[in-house]
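What follows is a short report on a single structure.
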Amino acid sequence: MHEFPVLHFENGIDIDISTFLAIIVSCVVVLVLALLSVRNLSVDKPSKLQNFMEWVVEFVHNTIASTMPLSKAKSYISLGLTLIMFIFVSNLLGLPFGIVTDHTQGFTLFGQQVLTDARIHELEEAGKHASVAWWKSPTADLSVTSALALMVFVMTNTLGLTQNTKHYLKHYFEPFWFFLPLNIIKELSKPLTLALRLFANIFAGEVLISTIMMLGVVGIPLLAVWQGFSIFVGAIQAFLFTILTMVYISQATVHHEDH
């Protein structure tokens, strides 16, 4: 495995440069796709990109509508569209290529020590090369998936408290009041499973790609097959994260009388 360029700050915050760069690229890709798809809107002769984006919007709308009343679904289309596109693009960034540099001595970046001479010596004694990976899928980093899951958790509970206060608070005591601890654990487990599921699937895929690449030319057919499968996995994971987000929002904001 490669080392990653992590900047360590005195306040305890660590920033992985490879993750940071990949997040920026994901945001730019999603923004450019959105802008290009609406650049020349046409009812009579829509472009292929416009048709694609309309299909994505319709797909997201139908997905959200399957989790909550149709009257409420429209409010969350932008959220669902942003989530599914950002996560899907992020899941795929590490597939096409990697950027790896080999080092024989320590180096610094922005005044921070990224790779020390001691670490290089340790790797050389173990018979390994000191290499730094500058590129990976953002969702292969637990901090990114945790941040997304935490955002969903805060937003879900805020919406529940503001839009459905009585029923939202009541559900913590159902079916009986002594189920309160279990219901709290259930709520806390939601962001945990969201983060770990997405991270584990994408990280495992990239680890396997790195392993296959060690086979050299022999591994090329297997690499092509696995990358094709990874696109499918990336799409499924983006869909799962999005639909579970909408399910959690529906559970918090909609009570049975709304259906």
Side-chain angles (χ1 to χ4, degrees), residues 1-6 14-33 52 56 59-60 63 80-102 123 128-153 189-247:
M1 295 297 292
H2 306 295
E3 301 289 312
F4 289 100
V6 179
D14 297 336
I15 297 180
D16 188 333
I17 298 299
S18 61
T19 301
F20 188 75
L21 291 174
I23 290 173
I24 294 176
V25 172
S26 294
C27 292
V28 170
V29 170
V30 172
L31 178 62
V32 170
L33 278 175
F52 170 75
V56 174
F59 174 78
V60 171
T63 299
L81 191 62
T82 302
L83 279 176
I84 199 168
M85 289 186 64
F86 174 77
I87 294 174
F88 179 63
V89 171
S90 296
N91 290 349
L92 302 187
L93 280 189
L95 295 181
F97 60 89
I99 301 175
V100 179
T101 56
D102 293 326
L123 290 171
K128 300 177 182 179
H129 295 290
S131 56
V132 177
W134 298 88
W135 188 257
K136 65 178 179 179
S137 296
T139 43
D141 191 319
L142 185 58
S143 62
V144 175
T145 60
S146 297
L148 289 169
L150 182 61
M151 176 195 71
V152 171
F153 177 74
S189 69
K190 288 178 179 178
L192 184 64
T193 55
L194 274 179
L196 290 178
R197 182 189 301 107
L198 180 57
F199 162 73
N201 278 276
I202 305 306
F203 178 74
E206 295 205 350
V207 169
L208 188 54
I209 287 176
S210 299
T211 304
I212 294 174
M213 290 179 67
M214 294 179 183
L215 299 175
V217 179
V218 179
I220 291 179
L222 184 59
L223 180 62
V225 172
W226 182 253
Q227 285 194 326
F229 181 70
S230 294
I231 295 175
F232 172 74
V233 171
I236 291 296
Q237 290 305 315
F239 170 75
L240 284 176
F241 195 100
T242 303
I243 194 170
L244 285 175
T245 297
M246 297 306 158
V247 168

Closest non-hydrogen atoms of Ser18 and Lys136, given as atom of the first, atom of the second and distance, are OG-CE, 3.5 Å
Pairs of donor and acceptor atoms involving the side chains of residues 142-151, under 3.5 Å and at least two apart or interchain, shall be tabulated with distances.
{"residue": "Ser143", "atom": "OG", "partner": "Asp141", "partner atom": "OD1", "Å": "2.7"}
{"residue": "Thr145", "atom": "OG1", "partner": "Leu142", "partner atom": "O", "Å": "3.1"}
{"residue": "Thr145", "atom": "OG1", "partner": "Ala195", "partner atom": "O", "Å": "3.2"}
{"residue": "Ser146", "atom": "OG", "partner": "Leu142", "partner atom": "O", "Å": "2.7"}

Pairwise side-chain hydrogen bond (donor to acceptor under 3.5 Å, both in side chains) hits with a residue in residues 232-245, at least two apart: none
Before you tell me yes or no, could you show the steps for Leu240 and Arg197 under side chain to side chain contact (heavy atoms under 4.5 Å, CB included), namely the whole-Å CA-CA distance, both residues' side-chain angles and the distance that decides it to 0.1 Å? CA-CA 9 Å; Leu240 284 176; Arg197 182 189 301 107; 4.2 Å; yes
d(Leu208 CG, Phe203 CZ) to nearest 0.5 Å is 11.5 Å
Sequence neighbours excluded, the answer for ring pair (Phe, Tyr, Trp, His ring centres under 6.0 Å) partners of Phe239 is Phe59
From Ser230 OG over to Asn201 CG, what is the distance, rounded to the nearest 0.5 angstrom? 10.0 Å
Ser26 vs Ser90, side-chain hydrogen bond (donor to acceptor under 3.5 Å, both in side chains): CA-CA, chis, key distance, verdict: CA-CA 6 Å; Ser26 294; Ser90 296; 3.1 Å; yes
Starting at CG of Leu92, measure out to OG1 of Thr139 and round the result to the nearest 0.5 Å. 8.5 Å
Please report the interatomic distance CD1(Ile24) to OG1(Thr19), rounded to the nearest 0.5 Å. 11.0 Å
Search all heavy atoms of Cys27 against all heavy atoms of Phe86 and return the closest pair with its distance. SG-CE1, 3.9 Å
Residue pair Ala22 / Pro138: nearest heavy atoms and the distance that separates them: CB-CG, 3.5 Å
Stepwise side chain to side chain contact (heavy atoms under 4.5 Å, CB included) check, Leu198 with Asn91: CA-CA 9 Å; Leu198 180 57; Asn91 290 349; 3.8 Å; yes
Spacing of CZ belonging to Phe199 relative to CG belonging to Leu196, to within rounding of 0.5 Å: 8.0 Å
Minimal non-hydrogen separation, Glu206 against Gly94, with atom names: OE2-CA, 3.3 Å
Could you pull out the closest heavy-atom pair between Ile212 and Trp226, with the gap in Å? CD1-CB, 4.1 Å
